[in-house]
Amino acid sequence: MKIAIVHHPETTPKILAAQRMSEKDKLSSFTCMYGGTGKMHKDNPNRHTIDILQQMGEYYAQIGVPWKPQAYQKAIGTLKKLEVKIDCFEDAIRLPNIGTRIAKKIEEICTTGHLRTLDNALADPTHKTLQLFLRIYGVGLSQAHKWIQAGHKSLDDLLALPDLHKNQRIGIDHYDDFNTRIPRDEVTALGDIVKKVAADINLNVEAIIGGSYRRGADTSGDIDFIITKRNTRSSWDLLSFLETLVARLTCDGFLVAALTVPASSGSKWHGACALPGNPLWRRIDFLVVPETEFGAALLYFTGDDIFNRSIRLLASKKNMRLNQKGLYKDVLRTFGREKLSEGTLVEGGDERKIFDLLGVPWRPPHERICR
DNA sequence: CGGCAAATACTG
DNA sequence: CAGTAT
DNA sequence: GCCG
């Protein structure tokens with residue numbers, strides 16, 4: 001079913017073009033006001049166009065071009081809401097978030113079946129290597145480029161390097177593991193193990209799995225735990241618990257590697273875990289937050305990123321500010337939108353109240369899938 | 001032409 | 001500090 | 001890349 005149509009009964013190109021005129025003054029154009037379930041994929045007539053544009057956007061993201069990936073994402077968002085196929089420049093250009101460049105590409109995709117810019121990019125062997133290296137945990141654009149510059153082409157090339165960082169070696173050793181999606185049932189099973197140990201250590205602790213799992217996804221890239229404890233006002237109050245939890249789970253053989261451990265005032269632990277009897281290593285993160293920040297942390301770590309960006313932008317337009325600790329009001333910014341004051345905290349503990357205070361209708365996690 | 005979200009925290 | 005990750 |  002076409003969820004978007006529930007929110008936007010008028011989705012013909014003509015009407016969307018008309019909507020573009022009124023978008024600027026109204027906050028109602030923020031995607032976080034509507035959300036989405038990301039479940040209207042299969043029967044979209046623009047499915048092929050979307051797929052190609054998606055790859056184009058990903059390509060730009062991979063080579064580190066700023067903003068273009070977001071622009072592609074927005075254009076794709078527009079196409080996803082349509083129930084009619086757009087196959088020419090004239091129709092495409094009328095749509096919101098689609099300008100001359102992408103409109104031309106849409107026409108090319110529909111007339112030739114593919115996009116030469118993308119074909120050329122993907123045919124480049126250097127880019128293939130880049131994609132390979134970027135999927136290594138602990139490797140970003142900078143490092144990947146350096147290695148390519150040095151002539152490295154395979155993971156084996158990298159393993160022979162003497163100055164490989166510890167985490168990068170783990171990332172390569174478990175390259176396939178970390179790049180394998182985790183079935184929802186396994187996330188649940190892994191999560192249950194953590195929750196049981198957590199409860200055993202302290203009954204006042206609440207541990208919930210955020211990220212795509214909380215949004216209802218049937219597979220996840222990793223397991224994101226957000227952990228809080230009653231009557232805590234600083235993450236410092238939870239550090240000893242986190243250390244105990246990690247120690248116990250490591251001792252049990254559940255945690256198999258530590259990638260990032262919290263500093264003295266820290267709140268996050270990143271590593272890997274494995275289900276007993278399952279050889280695959282899974283990426284798992286623990287974030288401890290005080291009860292006073294739980295709602296904001298939950299909001300942030302539930303995402304998705306598009307939803308987060310949208311709701312944060314909405315906050316800033318209302319002279320507020322939203323981060324993983326809370327919602328702040330009376331934030332002063334320059335005309336260039338540079339931040340002058342932090343503002344005062346209005347809510348951090350309750351996810352629903354943050355929605356309320358922002359004037360955003362409550363969206364359960366599975367309706368925050370905006371990509 | 002400038003804005004496009006934002007902050008924290010880790011590694012080396 | 002730059003780079004990376006969330 | 002798109003938008004105002």
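By convention in this document, chain letters (A, B, ...) are assigned in the order of the sequence lines, proteins followed by strands, and residues within each chain are numbered from 1. A quick note: this is a predicted structure, and the numbers were derived from the prediction, not measured.
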Asks: Applying a 4.0 Å non-hydrogen cut-off, can you work out what A:L53 is touching in the nucleic acid: base, sugar-phosphate, or nothing?
Replies: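 Nothing, no heavy atom under 4.0 Å.
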
Asks: Is there a stack between A:W67 and B:dC4, judged by ring centres under 5.5 Å and planes under 30°?
Replies: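 The ring of A:W67 is stacked on B:dC4.
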
Asks: Heavy atoms from C-beta onward define the side chain here; which of B:dA7, B:dA5, B:dC10 lies closest to that of A:R312?
Replies: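 Closest of the options to the side chain of A:R312: B:dA5.
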
Asks: How close or far is atom P of D:dC3 from atom CD of A:Q73, stated in whole angstroms?
Replies: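 That distance rounds to 15 Å.
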
Asks: Return the value, rounded to whole Å, for the distance between atom CD of A:Q70 and atom P of B:dA6.
Replies: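 One finds 13 Å between P of B:dA6 and CD of A:Q70, rounded.
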
Asks: Provide the distance between the two P atoms, one in D:dG4 and one in B:dA5, to the nearest whole Å.
Replies: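 Nearest-Å result for D:dG4 against B:dA5 at atom P: 15 Å.
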
Asks: Residues from residues 144-166 of chain A sitting under 4.0 Å of DNA chain B, heavy atoms only?
Replies: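 By residue number: A:H165, A:K166.
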
Asks: Could you work out which one of B:dA9, B:dA6, C:dG3 sits closest to the side chain of A:S142?
Replies: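 Nearest to the side chain of A:S142 among the choices is C:dG3.
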
Asks: Both A:R309 and A:A263 contact DNA chain B. Taking the nearest nucleotide for each, which residue is further toward the 5' end?
Replies: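 Here A:R309 is the residue nearer the 5' end.
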
Asks: Check A:D200 with A:R248, please: is the shortest side-chain N to carboxylate O separation under 4.0 Å?
Replies: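 Salt bridge between A:R248 and A:D200, a charged N being under 4.0 Å from a carboxylate O: yes.
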
Asks: According to salt bridge (charged side-chain N to carboxylate O under 4.0 Å, His left out), who are the partners of A:D237, at least two apart in sequence or on a separate chain?
Replies: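 Per chain and number, A:D237 pairs via salt bridge (charged side-chain N to carboxylate O under 4.0 Å, His left out) with no residue.
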
Asks: Students often get this wrong, so: under 4.0 angstrom with heavy atoms, is A:L287 touching a base, only sugar-phosphate, or nothing?
Replies: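 Nothing, no heavy atom under 4.0 Å.
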
Asks: List the atom pairs, with distances to 0.1 Å, where a side-chain N or O of residues 221-230 of chain A and a protein N or O form a donor-acceptor pair under 3.5 Å, not counting sequence neighbours.
Replies:
from	atom 1	to	atom 2	distance (Å)
A:T228	OG1	A:V289	O	2.8
A:T228	OG1	A:E291	N	3.1

Asks: Which nucleotide, B:dT11, D:dG1, C:dT6, lies nearest any side-chain atom of A:Y72?
Replies: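 Of B:dT11, D:dG1, C:dT6, D:dG1 is nearest to the side chain of A:Y72.
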
Asks: Have a look at A:N308 and say if it touches a base, only the backbone sugar-phosphate, or nothing, with a 4.0 Å heavy-atom cut-off.
Replies: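 No contact.
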
Asks: Test the A:R282-A:F178 pair against the cation-pi criterion, namely NZ or CZ under 6.0 angstrom from the six-membered ring centroid and within 45° of the ring axis.
Replies: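 Checked: cation-pi criterion not met.
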
Asks: Please tell me which of the listed nucleotides, B:dC4, D:dC3, B:dA9, lies nearest to the side chain of A:K268?
Replies: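 Of B:dC4, D:dC3, B:dA9, B:dA9 is nearest to the side chain of A:K268.
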
Asks: When rounded to the nearest Å, what value does the distance between P atoms of B:dA6 and C:dA5 take?
Replies: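 The answer is 22 Å between these two P atoms.
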
Asks: Any idea which of C:dT4, B:dA6, B:dT8 is nearest the A:Y300 side chain?
Replies: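 The listed nucleotide nearest to A:Y300's side chain is B:dA6.
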
Asks: Check every strand shown and say whether A:K105 touches a base, only sugar-phosphate, or nothing at a heavy-atom separation below 4.0 Å.
Replies: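 Contact class for A:K105: sugar-phosphate only.
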
Asks: What is the separation between atom CG on A:D222 and atom C1' on C:dT6, rounded to the nearest whole Å?
Replies: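 The answer, rounded to whole Å, is 9 Å.
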
Asks: Determine which pairs satisfy ring-ring contact (aromatic ring centres under 6.0 Å, His included) with at least one residue from residues 251-278 of chain A, sequence neighbours left out, and list them in order.
Replies: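 Qualifying pairs, neighbours excluded: A:W269-A:F286.
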
Asks: What salt bridge (Lys or Arg N to Asp or Glu O under 4.0 Å) pairs are there with at least one residue in residues 160-174 of chain A, not counting sequence neighbours?
Replies: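 Sorted result for residues 160-174 of chain A: empty, none.
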
Asks: Starting at atom CZ of A:F133, determine the distance to atom C1' of C:dG3, rounded to an integer number of angstrom.
Replies: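 Distance, rounded to whole Å: 17 Å.
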
Asks: Provide, to the nearest angstrom, the distance between the CG atom belonging to A:N319 and the C1' atom belonging to B:dA5.
Replies: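 Distance, rounded to whole Å: 16 Å.
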
Asks: Can you tell me how far C1' of D:dC2 sits from CD1 of A:I106, to the nearest Å?
Replies: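 Distance check: A:I106 CD1 to D:dC2 C1' gives 13 Å.
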
Asks: Taking only the side-chain heavy atoms of A:N97 (C-beta and beyond), determine which of C:dT6, B:dA6, D:dC3 contains the nearest atom.
Replies: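 Closest nucleotide to the A:N97 side chain: D:dC3.
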
Asks: For A:S310, report the nucleic acid contact type (base, sugar-phosphate, nothing); a contact means any heavy atom under 4.0 Å.
Replies: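 A:S310: no heavy atom of the nucleic acid under 4.0 Å.
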
Asks: For residues 126-134 of chain A, which side-chain N or O atoms pair as donor and acceptor with protein atoms under 3.5 Å away, sequence neighbours left out?
Replies:
from	atom 1	to	atom 2	distance (Å)
A:H127	NE2	A:Q62	OE1	2.9
A:T129	OG1	A:P125	O	3.1
A:Q131	NE2	A:Q62	OE1	3.3

Asks: For A:P45 and A:K85, work out which heavy atoms get closest and say how close.
Replies: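 Taking every non-hydrogen atom into account, O-CD, 3.5 Å.
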
Asks: Which is true for A:P262 with a 4.0 Å heavy-atom rule: it touches a base, it touches only sugar-phosphate, or it touches nothing?
Replies: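 The answer is sugar-phosphate, as A:P262 gets under 4.0 Å only of primed atoms, P, OP1 or OP2.
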
Asks: Measure the distance from CG on A:L259 to P on B:dC10 and round it to the nearest whole Å.
Replies: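 After rounding, the reported distance stands at 14 Å.
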
Asks: Between A:I306 (CD1) and B:dC4 (P), how many Å, whole number?
Replies: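 These atoms are roughly 15 Å apart.
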
Asks: What contact category does A:V139 fall into here, base, sugar-phosphate, or nothing, at under 4.0 angstrom with non-hydrogen atoms?
Replies: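 Touches sugar-phosphate only.
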
Asks: Return whichever of A:G266 or A:D305 has its heavy-atom-nearest nucleotide of DNA chain B closer to the 5' end.
Replies: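 Whichever sits nearer the 5' end wins; that is A:D305.
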
Asks: Which nucleotide wins on minimum distance to the side chain of A:L313, given the candidates B:dC4, C:dT6, B:dT8?
Replies: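 The nucleotide sitting nearest to the side chain is B:dC4.
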
Asks: Is it the case that one hydrophobic cluster holds both A:V65 and A:I76, taking links as side-chain heavy atoms less than 4.5 Å apart, direct or via other members?
Replies: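 Linked within one cluster.
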
Asks: What nucleotide among B:dA7, C:dT4, D:dC2 has an atom nearest to a side-chain atom of A:Q143?
Replies: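 Of the options given, the side chain of A:Q143 lies nearest C:dT4.
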
Asks: Taking the side chain of A:R283 as heavy atoms from C-beta outward, which of C:dT6, B:dT8, D:dG1 is closest to it?
Replies: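 For A:R283, the side-chain atoms sit closest to C:dT6.
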
Asks: Nearest to the side chain of A:Y137, heavy atoms from C-beta on, is which of B:dA7, B:dC10, C:dA5?
Replies: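 The closest nucleotide is C:dA5.
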
